[in-house]
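Input: a single structure, listed below in structure tokens.
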Amino acid sequence: MRNRITTGAALGALLLLTGCGAADMTKQASPFANAQSARTVTLSVQSWVGAQANVAVAQYLLEHELGYRVDTVQVDEVPAWDALSQGRVDAILEDWGHPDQEQRYVQDKKTIVNGGDLGVTGHIGWYVPTYFAEQHPDVTDWKNLNKYAEQLRTPESGSKGQLLDGSPSYVTNDKALVNNLNLDYKVVFAGSEAAQITQIKQFAKEKKPFLTYWYAPQWLFEKVPMTEVKLPAYKEGCDADPAKVACAYPHTPLQKYLNSGFARDGGDAAAFLKKFRWTTEDQNEVSLMIADQKLSPEEAAKKWVDSHESTWRSWLP
Amino acid sequence: MAAVTTTAPRTATPGALRGAPARKLLALALLAALLVPLAHARWASGTWPTALTVDLTTPLTDASTWIIDNRDSHPLFLYVLGHVSNAVVLAVRAVYLLLLAAGWAGTTALAALIAWRAAGARLALGTAAAFLACGALGMWVPTMQTLALMVVAVLASVVVGALLGLAAGLSDRLDRALRPVLDTMQVLPAFAYLLPVVLVFGIGVPAAVLATVVYAAPPMARLTALGLRGADKEVLEAVDSLGATSRQRLLTARIPLARKELLLGVNQTIMMALSMAVIASVIGAGGLGDRVYQALASVDVGAALAAGIPIVLLAVVLDRVTAAAGGGTRRTGRALWAYALAAALAVAVAGRLMDRLDWPDAWVLEIAEPVNRAVDWMTAHLYSGVPVVGGTADWAGHFTTWVLDPVRDGLLWLPWWAVLLVVAALAWLIGTWRTALTATLAMAAIGVLGVWEPSLDTLSQVLAAVAVTLVMGFATGIAAARSDRVERLLRPVLDVFQTMPQFVYLIPVVALFGVGRAPAVAAAVVYALPAVVRITAQGLRQVDPAALESARSLGATPLQQLWQVQLPLARRSLLLAVNQGVVLVLAVVIIGGLVGGGALGYDVVFGLAQGDLATGLVAGAAIVCLGLMLDRVTQPTRKGA
């Protein structure tokens, strides 16, 4: 009891210390940052493995080459922008395009700055497993999808074919697409990428056909080869009205974003993150080590760093 | 659900009251006969009529935009909320730095010594072992982060809860005002709390701590009020006759007399805070929960388990220590406390001098790989094609097609006023007209919010999961009540499943049952089962031995004893088990949105992930209403508790 009282008193004193005056909560760092007087960088890790690979390598180099301590926080994409603008996160290393957020934080509030290309181009699409596409080559055109709806039924999709979608945080127009292209399919949301991957792997183990929303670069292609289904070609602006979309997804050069305060005063770490740029193959190599060989992100990063010195040398300030 | 309706009429009510259910139903039928034609004439449709919904999207989106735009300039944020957030950050940081400074040896020693003084030598050993295990799993730093967050959240919850409880315990009017609020907060799924705090405080530790406080303070408040109100009248009179002032009376008599309830409140608060600390990783709480969540992303069950085990260990240790501190006789001895502190300090200093503050990497045990191999093997062999019984995927398919779909379609097929009528009838039969009214209004609110269909979808999952949970839970509970050995064997299993973060078993569940509503139901059953088993077993064991003895002497077979004596006499406990089962199942069915459960759970996850607060908040409010409705429908008139 006594112990509790003293702790209580200490906390009370703490509250008093924070005392009067304005307290801008958009400028408060994580309580776990900078512990034991190290220079700290906080990176946002999104839930997909490719993003983990970026962060793992950046973290490894920041820690071992530049002497920083790196904290990582897993936040979904849109909230990550908010956290980045508040400085709770210093950098997002892989962004798939969020025009609303960009307008709000980069253009209007100027709390976030663009950190340049990641070097990887992202593409979202509909995919079927290659073993199925080889047996039925015409499935790769969206016009023939209705023919296969019956084969792609699951208990969850009932009398229609199943189009497996993933995490709610991802960019998707699938419900509108199914509707506007008159497809006999039901979009089933797996709710998380982990659940989606697990399901795809189970299907693949039994060589069952499936149709799924998926994106490249992604390490799962190495485990379960998949072929893209052609949707009506993407044209600039055809996805402007979310309810009327009837075209494929664009190819997006993935971007890095930094908190503007960090970009200005972040020293070596900020300079390094701005220069950080690699290829799809590099990223996949690291992702595969993490997700498939189950190496810890740190071990995977170490392996890659040891064998690609020429690539990362040029990133160091 | 079935269990509720069948057990309800079998009450041993005196003849005069026997007609009550019939009269209630009659009254309801009359009311329905008057209102239904009206409602049907105006808004004839199966689902909730659109004319009766209120679209909150625009105001909610505006509110969210306003907050984001004004968070760094408006006085409300600068001078009030900013300080709250700042205080949380500073407090968590202070505790965290303290724990890091003590090093692993010092922290372990300190924890063990507190356990020793509060609960005895055996638990002290257990505590030390648990802390060392956290280190051995390579989770020392995340454990300390979670611990720091927990210390602050629990202290704040206890203070807030105790103050509220004090107010409710001393003033009848406040008690009447607070009780329904607290009762309600107790049954709400943790997920529903996340969005409002995120809206105001943004992602991060302050939001996580505040969500935890909101979630964990109610039990403390309830139990404090209960303890103060339950104080022995005679003792209070004696104190009065000694001429004590009301303050003296409070401090010297009422609070000490309520000690047991207060400590139980602390215990409950800690347990709830810990479960919330994990779920709050979705909004950036960091620590162990974040490790579990990150491991999920790479479908790494082993790594998730490595972070989940420390949570289980912390939960078990904290539960046992606080429970023992509440139940046991208190050994006061300042000298011993001083020795204990000195010893802990010495260990910490020794650790510092030897430069062994961080847990040594060489002592980390890698459990992730063997666990993953085991899980892979299990899912590979059970998923499908098992001879005779079929694989788990086939079961899930049948369950979806033959149970979930019909229940959902049936609910959706019912006209909206019929659903309200059923809810009212059930709630009234079991409770009072008040509970019936609350339940019906809650259900109607769902319709008004415009999420009638997803809510009924979620409801169908809850009903299916509750049915499975009750069948399995009652069976296991009866077995545990009849055999000591079974109960001993079950206890650790139940402990683990009750405290294991649900995130850990979401992935194996998908690997077994595929994506969809079936895995959500399975996860909910796993989570709710322990509580149902416990309450059932406890209720059966508490049945008056004399009644059993007399039944036995009359020559009743064991089955007859169970059926005609034990189960009817344990009716209250069984109903409580149903109620708890429903509440717990709802909590996990919501989390099932992460594995394809869809419906309200998906909307909440979507709202969090996309920063689309309109969708998320409306779904959260619907979950609140659903929880309220389910609680009231299964809640027999609550007297005293």
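Just so you know, these numbers use all the heavy atoms, side chains as well, and skip hydrogens, waters and symmetry mates.
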(message) Checking the side chain of B:Thr400 only, and the main-chain atoms of A:Pro155 only, is there a donor and an acceptor separated by less than 3.5 Å?
(response) no
(request) Please confirm whether the backbone N or O of B:Val515 pairs with a side-chain atom of A:Gln199, one donor and one acceptor, at under 3.5 Å? (result) yes
How many angstroms lie between atom [atom1] of [X] and atom [atom2] of [Y], to the nearest 0.5 angstrom?
X: A:Phe189; Y: B:Leu594; atom1: CZ; atom2: CG; value: 14.0 Å
X: B:Tyr602; Y: A:Ser167; atom1: OH; atom2: OG; value: 7.5 Å
X: A:Glu156; Y: B:Leu404; atom1: CD; atom2: CG; value: 7.5 Å

(message) Could you report the tightest heavy-atom contact between A:Gly191 and B:Val605, atom names first, then the distance?
(response) O-CG1, 4.4 Å
(message) To check you understand the geometry: which heavy-atom pair defines the closest contact between A:Gln202 and B:Leu512, and what is its length?
(response) NE2-N, 4.5 Å
A quick test of your reading: do over 12 heavy atoms of other residues, nucleotides or ligands sit less than 6.0 Å from [atom1] of [X]?
X: A:Lys302; atom1: NZ; value: no
X: A:Lys109; atom1: NZ; value: yes
X: A:Glu222; atom1: CD; value: yes
X: A:Gln151; atom1: CD; value: yes

(message) Please classify the contact of A:Ser157 with chain B as side chain, backbone, both or neither, using a heavy-atom distance under 4.5 Å.
(response) neither
(message) Which atoms of B:Leu608 are under 4.5 Å from chain A, going by heavy atoms: the side chain, the backbone, both sets, or neither?
(response) backbone
(message) I need the residue from A:Ser296, A:Pro79, A:Ala83 with the largest number of non-hydrogen atom pairs under 4.5 Å to chain B.
(response) A:Pro79
(message) Looking at chain A, which one of B:Asp290, B:Thr401, B:Val84 has the largest number of heavy-atom pairs inside 4.5 Å, strictly under?
(response) B:Asp290
